[in-house]
Structures are given as C-alpha cells and as structure tokens.
Amino acid sequence: MTETIHRLIEQYGLIAVFLGCVAEGESAAILGGFFAHQHVFVLWQTFIAAFLGAFAGETFFFTLGRSFADHPYVKRLRRRPGFSRAYRLLNTHPNIFVLTNRYIYGMRLVGGIAAGLSTVPVPRFVILNAISSAVWATVFSGIGYVFGLGAEEMVGQAFERHERLLIALAVGVGVAIIAWLVGHHFARRERAREDRAGS
C-alpha cells in the first residue's frame, strides 16, 4: 500500500501541487516543499509547479472578471463576502492589492474577479501577478522544505521514507482543514460586517 502511494506521489505529485495552487492552495505548496526535502521531487520543480499554479489561478479569475462580467457565475462571485472590500482596495491601492491579494485567505478568488472588473491594465496585472506568484511559491514551498528539516531533526532516521510520506499527507490534510476553518471563520465575520454596513 505504501509503495503504491509513494509511486503515485512520484508520478502525479507535481501535477497535484500545480492543481492545488490554482485554488487557494498554500497547503499544496507546503506539501510540495516537504516532499522536495524527502527527495521525492526536486525543490526547483516544486517551486515551478507552485508558481505556475498560483499564476494560472489568479489569471483565470482576472480573465473571468475582465471578459465575462455579466456571466451568472461571475455575478454570484461578486455577491460573496469580501468582494466590496476587495474592489474598494483595488481602486485605492491597485498595485499593492494585486501583489498582496493571494496572502489573504478567502480573498484570492474574489480579489481576482475584482481585479478583472477594475481598470488595472492587463500588462501591469500580468507583471504584478508574476512577481506575487514567484514570492508566494518561494515562501510556501520554503516553509514545507524547512518543515521537512524540522521533522527530520525531531524523528531522525527512525521512520522509513514511506512512513514520512504518509505523515506528510496527514499533515497536509490537517493544514487544509485548519485553513478551511480559519477562512470560514473570517468569511463569516466579513459577511456579518457587510450586513451591518448595509443595514
């Protein structure tokens, strides 16, 4: 069983990191960094997968906002908590917002749509998004790599390689659940704040 999991991670892990980073995938980038430390991936490959995923995700939502503003899906996203605040921030500090949007949990999706609906020129968005994606991929892949160093210090060589991979998967699921709970909490607070402001 562990051999099969190990083989699947080696074959499809970088694709999973890419797809995870298309969404709000800090945990995917962290896991990629951890696996790089375990020599399942090469670190630069993890960075490239995380960078391309983050860049593609943000560009996709920007394109949705820019080219499909009247689509029902986009209209539904515009009603999500945080959209009004994202749009206000974009109009006052567009460069800073594009550079930092992905670091605010729950804001990346609505932030991308808001950027597409704003007057930010496409070339400027692409450059800022590339810079932001590169920094983001470096930070979160690096955290995973450093976590791998720390885990190795704690457990030494006591675990087999396959067991460390299973531990990493468990940690990744735990991080994803915690991130979802934290994001859900802040989204609920933001919704309540916007409801009070609208009443």
Side-chain angles (χ1 to χ4, degrees), residues 13-36 41-146 172 175-176 179-180 182-183 186-187 190:
L14 288 172
I15 297 171
V17 170
F18 169 80
L19 293 175
C21 292
V22 168
E24 298 188 61
E26 288 85 358
S27 55
I30 291 169
L31 265 180
F34 183 91
F35 287 140
F41 313 139
V42 180
L43 185 58
W44 69 263
Q45 294 174 336
T46 301
F47 166 78
I48 294 294
F51 166 77
L52 290 176
F55 182 83
E58 200 78 12
T59 302
F60 172 74
F61 291 116
F62 176 85
T63 304
L64 275 182
R66 182 62 50 104
S67 303
F68 302 96
D70 294 325
H71 191 278
Y73 176 68
V74 175
K75 287 182 176 178
R76 191 161 63 249
L77 289 176
R78 289 165 68 175
R79 292 193 294 269
R80 286 184 65 159
F83 179 84
S84 304
R85 185 162 62 101
Y87 198 69
R88 281 196 306 273
L89 288 169
L90 252 168
N91 287 322
T92 53
H93 307 288
N95 294 343
I96 294 172
F97 183 87
V98 175
L99 285 170
T100 60
N101 172 51
R102 73 181 66 253
Y103 298 94
I104 307 168
Y105 188 86
M107 189 67 77
R108 185 171 165 194
L109 192 153
V110 295
I113 296 289
L117 292 169
S118 74
T119 57
V120 175
V122 173
R124 187 197 301 177
F125 174 82
V126 169
I127 292 168
L128 293 174
N129 184 31
I131 293 168
S132 178
S133 299
V135 173
W136 183 91
T138 302
V139 167
F140 287 100
S141 299
I143 288 171
Y145 195 84
V146 170
V175 167
W180 182 84
V182 170
F186 283 113
E190 181 64 30

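Keep in mind that the numbers below use all heavy atoms, side chains included, and drop hydrogens, waters and symmetry copies.
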*Can you name the closest pair of heavy atoms from Val17 and Ala50 and give their distance?*
CG1-N, 4.0 Å
*Is the closest side-chain heavy-atom distance between Tyr103 and Val135 below 4.5 Å?*
yes
*Just wondering, do Thr138 and Phe47 contact through their side chains at under 4.5 Å, heavy atoms?*
yes
*If you take all heavy atoms of Val122 and Arg66, which pair is closest and at what distance?*
CG2-NH1, 3.6 Å
*Could you tell me whether the side chain of Thr63 reaches within less than 4.5 Å of the side chain of Phe125, counting heavy atoms only?*
no
*Answer yes or no: is there a side-chain heavy-atom contact under 4.5 Å between Phe34 and Ile30?*
no
*asked:* Side chains of Ser141 and Phe51, heavy atoms from C-beta outward: is any pair under 4.5 Å?
replied: no
*Only pairs at least two apart or in different chains count here, so list each side chain to side chain donor-acceptor pair (under 3.5 Å) that has a residue in residues 117-130.*
Thr59-Asn129, Asn95-Arg124, Arg102-Asn129, Asn129-Ser133
*Is there a side-chain contact between Phe97 and Asn91, using heavy atoms and a 4.5 Å cut-off?*
no
Cut-off 3.5 Å, no hydrogens considered: what does the side-chain donor-acceptor table look like for residues 68-78, sequence neighbours left out?
{"unit_1": "His71", "atom_1": "ND1", "unit_2": "Tyr73", "atom_2": "N", "d": "3.0"}
{"unit_1": "Arg78", "atom_1": "NH1", "unit_2": "Ala69", "atom_2": "O", "d": "3.3"}

_Heavy-atom check, side chain of Phe62 versus side chain of Ile113, under 4.5 Å_ = no
_I need the Arg85 CZ to Leu89 CG distance, nearest 0.5 Å._
6.5 Å
